[in-house]
Amino acid sequence: MILYKSASALKSYLEQQKSMGKTVGFVPTMGALHTGHISLIYSAKKNNGITVASVFVNPTQFNNPADFEKYPVTIEQDVNKLEAGGCDILFLPSKDEVYPSSLPTQTYKLGYLETILEGKYRPGHFQGVSQVIHRLLDIIRPNDLYLGQKDYQQCMVIKKLVEHTGLAVNVHIHPTVRERDGLAMSSRNLRLNKGERQQAVKIYEALSMVKKEIQPGDLKPLKNKAMMFLTENNFKVDYVEIADAATLELMDHWDGKRPLVMLTAAYLNEVRLIDNLVMD
Ligand code: AMP
């Protein structure tokens with residue numbers, strides 16, 4: 001695996017490789033890598049001649065400075081995992097490489113998506129996500145971009161960003177990789193103590209209950225039930241919502257036909273966890 005810290009050096013290397021007919025698959029991450037991230041590397045490797053991963057804890061997407069400061073950093077293990085996963089290139093930029101002073105700050109038109117769920121509870125978060133992904137796509141110019149369904153709303157935001165910027169990249173969404181008990185793998189799980197880790201699976205149980213018990217008609221009682229379940233299990237809940245899987249329109253009533261996604265975000269003490277389940 002080749003390590004690049006310089007955006008311009010990476011850009012010219014990749015341009016050279018592309019001119020020789022290689023396609024580039026890109027997996028953006030914030031590090032503290034786990035099997036969920038590595039599954040994206042495997043997908044990229046399957047489809048592309050060159051697989052690039054980035055590790056950059058993007059300050060502009062953290063609305064809470066304490067969350068940014070406590071974000072886990074495990075770079076040595078990350079390098080080992082990427083190498084073992086067969087990643088070809090790791091882009092490990094400094095903040096100045098990603099955000100040089102010459103780069104104008106853009107505002108992205110994300111519309112409805114920015115007003116609900118993560119957008120509502122983390123103001124500015126998706127502007128920061130759009131900013132960093134736009135910049136990384138501009139440097140790497142991948143043919144394919146690999147994202148995890150774990151961040152459902154983020155996937156929709158990035159698809160919208162790709163549409164708006166007109167960048168020629170195919171977006172692939174990979175299913176959420178879970179621990180054996182069902183907890184979605186997440187870098188933030190590293191911040192859970194033993195007791196919290198055991199409790200954390202309740203978030204998956206709440207979503208599974210909604211998925212199992214959902215019926216056409218009024219959805220509010222079921223959402224309240226899931227909210228109560230999490231509260232009783234020591235979570236401080238931001239939201240439990242049911243939405244149209246294609247548009248993320250929040251729904252209080254279901255016709256029994258529209259494809260749905262159930263989403264939740266909740267704190268276990270200091271650690272904020274998110275998860276979702278799609279109705280198949
Ligand atoms: P992050 O490092 O949390 O910014 O995540 C980097 C990428 O990995 C994003 O596209 C995430 O959606 C994806 N990802 C994170 N956790 C998982 C998981 N458990 N399964 C699949 N993809 C994931």
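Count residues from 1 along the sequence. Everything numeric here is computed off the predicted structure, so don't read it as measured data. These values consider heavy atoms only, across backbone and side chains, with no hydrogens, waters or symmetry-generated copies. One-based numbering, in listed order, for ligands and for the atoms of each.
- Under 4.0 angstrom from ligand 1, the non-hydrogen atoms of His34 all belong to its side chain.
- The number of heavy atoms from other shown groups lying within 6.0 Å of CD (Glu83) is above 12.
- In summary, the side chains of Asp275 and Thr264 do not present any donor paired with an acceptor at a separation below 3.5 Å, with no hydrogens or angles considered.
- Interface of Asp151 with ligand 1, defined as ligand atoms under 4.0 Å from a residue heavy atom, comprises 11 (C), 12 (O).
- Checked for salt-bridge contact, Arg272 and Asp67 miss the test: no charged N lies under 4.0 Å from a carboxylate O.
- A side-chain donor-acceptor contact under 3.5 Å links Tyr239 and Glu118.
- Each of the following atoms of ligand 1 lies closer than 4.0 Å to a heavy atom of Met185: 16 (N), 17 (C), 18 (C), 19 (N).
- Asn47 and Asp144 share no side-chain donor-acceptor pair at under 3.5 Å.
- Counted by atom type alone, Asn58 and Tyr71 present zero donor-acceptor pairs between their side chains at under 3.5 Å.
- Residue-to-ligand polar distances place His37 within reach of ligand 1: an N/O pair is separated by less than 3.5 Å.
- Any N or O atom pair closer than 3.5 Å counts here, and Val177 shares at least one such pair with ligand 1.
- Neither the backbone nor the side chain of Val27 has a heavy atom within less than 4.0 Å of ligand 1.
- No heavy atom of Cys155 sits closer than 4.0 Å to any atom of ligand 1.
- Counting only heavy atoms of the protein, atom 3 (O) of ligand 1 lies nearest to Tyr71 OH, 3.8 Å.
- Relative ring orientation between His134 and Tyr108 is described as perpendicular, the plane-to-plane angle rising above 60° on a 0-90° scale split at 30° and 60°.
- Of all the atoms in ligand 1, the ones that sit under 4.0 Å from a non-hydrogen atom of Leu40 are 7 (C), 8 (O), 13 (C).
- Residues Val237 and Ala266 share a closest heavy-atom pair of CA-CB, 3.9 Å.
- The distance criterion of under 3.5 Å between nitrogen or oxygen atoms is met by Met30 with respect to ligand 1.
- Taking each of Pro28, Gly148, Ala32 in turn, the one with a heavy atom nearest to atom 22 (N) of ligand 1 proves to be Gly148.
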